[in-house]
Amino acid sequence: MEGEASASPLPMKQKLNNILIAVNTYDGHQYCREDFVKNLKEIQKYSGADVAIFYNGRQMPWGFDGWPIVYYEPSEFDNGISILCAKNNQMRDYFLNGKWSHMLMLESDIIPPIDVVNRLYSYHKDTVTAMYFIKTLMKDMVNMPIESTWNVLDNETMQTKIITIPKGDNIMVIAQKFIPAIWGFFDGKSRIWEMEDAFPQRGLVRIYSAGIGCVLMKRIVLEKCGNFEIRDISEEIQNFTDFLYFKKIHDNGFQAFVDTNTICKHEHYDFDSFVKRRWFDTKTMKPVNDPKI
């Protein structure tokens, strides 16, 4: 893997009123709002950062008293991805119209350590994210090391049958996994991290991309990289808006990092969609073969 991990510095308890904590929330996160708000108040007390709430929903949000609330009214053509992208741009515009030097983008199902702002700011990097985990059903292509026999379910007859897979065959394996929301570097290639990728690397590690559930960005990054987008225009494919923004960060000459010592609790209670363990070249963005096959 590219990049060396370094020891995490001890964050100073200082008043960082040059930082905006921009919270992305909606009605669907009410199940964890009480814990989130309690933690957010402690984060603000510890750091001195400003807070603004960005909300879309059908009713007045409870729990956010004392903080400015910026509303987004979805149209009939909006879906979950387009709403998220529009609110990210709302957050960016709000930030750039203010006095702050950094913005911490924080989703309201993420519970960070109360010193998260001070920790991430202490690195003085263009972009640095805390680490949190997602539940997913991951697709892996596995090269069979030996011939093996499996008892599988026939979807048509709903009966089990015995099949033999020869040595050397590639098969698709689907498994439930907890993984970091991080895309790492591997000798010029990248893919989403798994647990065994994350934990050997302690401290600050350079990465390709990440989720934007708890990420600190400098003003210059948000100025130069422009708006968040749903679609990668160059490839005409729809992708995660957060992944595409990290691609913009690299394309504009900035670097992104994760602090693996700053781990957040993720209250997301369901499995995400299938994630394919896809390798790609970080220069061309073209798919490459899995080095393990």
Side-chain angles (χ1 to χ4, degrees), residues 1 26-32 79-84 107 109-111 131-187 189-201 207-213 230-232 235-244 246 258 260 263-282 285-293:
M1 300 181 192
Y26 77 118
D27 288 343
H29 283 172
Q30 291 188 63
Y31 66 92
C32 61
N79 57 30
I81 296 176
S82 64
I83 292 172
L84 175 63
E107 295 182 353
D109 61 348
I110 301 291
I111 311 293
M131 191 161 70
Y132 59 92
F133 301 91
I134 58 175
K135 296 181 288 186
T136 188
L137 296 172
M138 179 168 278
K139 296 179 180 179
D140 275 333
M141 291 300 299
V142 176
N143 185 268
M144 296 302 295
I146 59 172
E147 181 178 286
S148 61
T149 301
W150 296 68
N151 193 4
V152 300
L153 179 68
D154 188 310
N155 290 329
E156 294 183 1
T157 66
M158 298 307 292
Q159 301 293 320
T160 58
K161 61 180 181 180
I162 303 297
I163 64 170
T164 298
I165 301 176
K167 177 181 177 180
D169 272 17
N170 292 330
I171 64 170
M172 177 70 75
V173 175
I174 299 174
Q176 296 180 349
K177 290 187 176 183
F178 289 84
I179 60 174
I182 300 291
W183 283 257
F185 282 109
F186 301 82
D187 297 325
K189 294 177 285 294
S190 183
R191 62 160 168 78
I192 198 164
W193 269 5
E194 296 184 53
M195 289 296 196
E196 59 266 30
D197 302 314
F199 287 111
Q201 305 186 85
I207 59 172
Y208 184 79
S209 183
I212 51 175
I230 300 173
R231 186 176 298 277
D232 186 339
E235 297 185 14
E236 290 298 322
I237 57 172
Q238 185 162 302
N239 211 325
F240 297 112
T241 183
D242 41 4
F243 179 89
L244 295 176
F246 273 87
V258 61
T260 63
I263 298 177
C264 307
K265 182 180 180 182
H266 192 188
E267 295 283 9
H268 189 65
Y269 55 82
D270 201 1
F271 278 88
D272 292 319
S273 302
F274 281 117
V275 173
K276 187 174 182 181
R277 193 170 178 272
R278 184 177 69 90
W279 288 85
F280 60 92
D281 186 292
T282 57
M285 299 302 296
K286 300 296 184 183
V288 295
N289 291 332
D290 188 331
K292 294 183 179 180
I293 295 179

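Here the structure is a predicted model, which means the values were calculated and not measured.
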List for me each residue that meets side-chain hydrogen bond (donor to acceptor under 3.5 Å, both in side chains) alongside [X], sequence neighbours excluded, and say none if there are none.
X	answer
Glu147	none
Ser148	Trp150
Asp27	Tyr55

Do you know the tightest heavy-atom contact between [X] and [Y]?
X	Y	result
Glu194	Pro180	C-CD, 3.9 Å
Thr260	Ile263	O-CG1, 3.5 Å
Gly211	Asp242	CA-OD2, 3.3 Å

If only atom types and distance count, is the side chain of [X] paired as donor or acceptor with the main-chain N or O of [Y] below 3.5 Å?
X	Y	answer
Asn143	Gly168	yes
Ser209	Trp183	no
His266	Tyr132	no

Residues Glu267, Ile111; criterion side chain to side chain contact (heavy atoms under 4.5 Å, CB included); working and verdict: CA-CA 8 Å; Glu267 295 283 9; Ile111 311 293; 3.9 Å; yes
Criterion side chain to side chain contact (heavy atoms under 4.5 Å, CB included) on Gln201 and Trp193, from CA distance to verdict: CA-CA 12 Å; Gln201 305 186 85; Trp193 269 5; 3.2 Å; yes
Flag side-chain contact, heavy atom, 4.5 Å: Ile110 against His29: no
Flag side-chain contact, heavy atom, 4.5 Å: Arg191 against Asp197: yes
Aromatic plane relationship, Phe185 with Tyr208 - under 30° parallel, 30 to 60° tilted, over 60° perpendicular: perpendicular
Qualifying residues under salt bridge (Lys or Arg N to Asp or Glu O under 4.0 Å), relative to Lys161, sequence neighbours excluded: Asp154
Verdict with supporting geometry, Lys135 and Phe133, side chain to side chain contact (heavy atoms under 4.5 Å, CB included): CA-CA 7 Å; Lys135 296 181 288 186; Phe133 301 91; over 6 Å; no
Separation between CG of Asp169 and CE of Met144, rounded to the nearest 0.5 Å: 8.5 Å
For Ala210, side-chain contact (heavy atoms from CB on, under 4.5 Å) partners two or more places apart: Thr129, Ile182, Ile207, Phe246
Residues Ile192, Ile179; criterion side chain to side chain contact (heavy atoms under 4.5 Å, CB included); working and verdict: CA-CA 8 Å; Ile192 198 164; Ile179 60 174; 3.7 Å; yes
